[in-house]
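Accompanying notes for the structure given below.
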Amino acid sequence: MIHTTSTTHTRPTPLTLGKYRIAAFPRALPGGLFAAQVSIASGQGSASTARVIRFDSAFPTHDAAADYALAQGIDWVQDTNRQAARPN
């Protein structure tokens, strides 16, 4: 008898922080670990911009990678907002 297992992961819900949409996209690595990556997007249509940040660390679970990616995305947005608020 052949037994197979499948693991399905739900994609975390993107969150909106000001004008930015932050979405985690963990990906499976060989050996059962997960890599974290986050998409940070703003704008609409032809005026939209997006960046994807990939991280070197490996995480034991899909959720751990997603949590890390979202936290890093939030930090990036907060840093960007702080820099924009600084007087020149």
Side-chain angles (χ1 to χ4, degrees):
M1 178 183 265
I2 299 173
H3 295 279
T4 60
T5 59
S6 68
T7 306
T8 59
H9 302 285
T10 58
R11 183 165 283 164
T13 303
L15 60 99
T16 301
L17 195 59
K19 68 178 186 175
Y20 297 99
R21 192 181 115 254
I22 305 167
F25 295 98
R27 62 183 173 85
L29 296 172
L33 296 175
F34 294 86
Q37 52 188 26
V38 64
S39 168
I40 304 167
S42 64
Q44 293 181 357
S46 62
S48 66
T49 61
R51 62 201 38 80
V52 175
I53 304 169
R54 294 174 179 89
F55 304 98
D56 290 335
S57 300
F59 297 86
T61 67
H62 182 271
D63 290 342
D67 290 346
Y68 180 82
L70 283 176
Q72 294 302 308
I74 291 167
D75 285 349
W76 185 93
V77 169
Q78 290 173 339
D79 287 346
T80 299
N81 288 338
R82 275 192 291 272
Q83 289 175 5
R86 286 185 191 158
N88 290 342

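Residue numbers count from 1 along this sequence. Note: hydrogens, waters and symmetry copies are ignored here, and every other heavy atom, side chains too, is used.
The aromatic rings of Y68 and F59 lie tilted to each other, with the angle between the two planes from 30° to 60°.
Within the structure, side chain to side chain donor-acceptor pair (under 3.5 Å) contacts touching residues 24-38 (residues at least two apart or in different chains) are Q37-R54.
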Item to check | Evaluation steps, side-chain contact (heavy atoms from CB on, under 4.5 Å), between T80 and Y20 | outcome: CA-CA 11 Å; T80 299; Y20 297 99; 3.5 Å; yes

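Taking every heavy atom of both residues into account, A69 and F55 meet most closely at CA-CE1, 4.3 Å. Closest of all the heavy-atom pairs between A65 and A35 is CB-O, 3.9 Å. Heavy-atom minimum distance, R21 versus P14: NE-CB, 3.7 Å.
Note that CG of L70 is 11.0 Å distant from CG of L17, once rounded to the nearest 0.5 Å.
Summarising the hydrophobic clusters (Ile, Leu, Val, Met, Phe, Trp, Tyr; side-chain heavy atoms under 4.5 Å, direct or chained), the residues clustered with L33 are L29.
Every side chain to side chain contact (heavy atoms under 4.5 Å, CB included) that D75 has, sequence neighbours left out, goes to Q72, Q78.
Residue I40 forms a side chain to side chain contact (heavy atoms under 4.5 Å, CB included) with just one option from V52, T49, V77, I74, and that option is V77.
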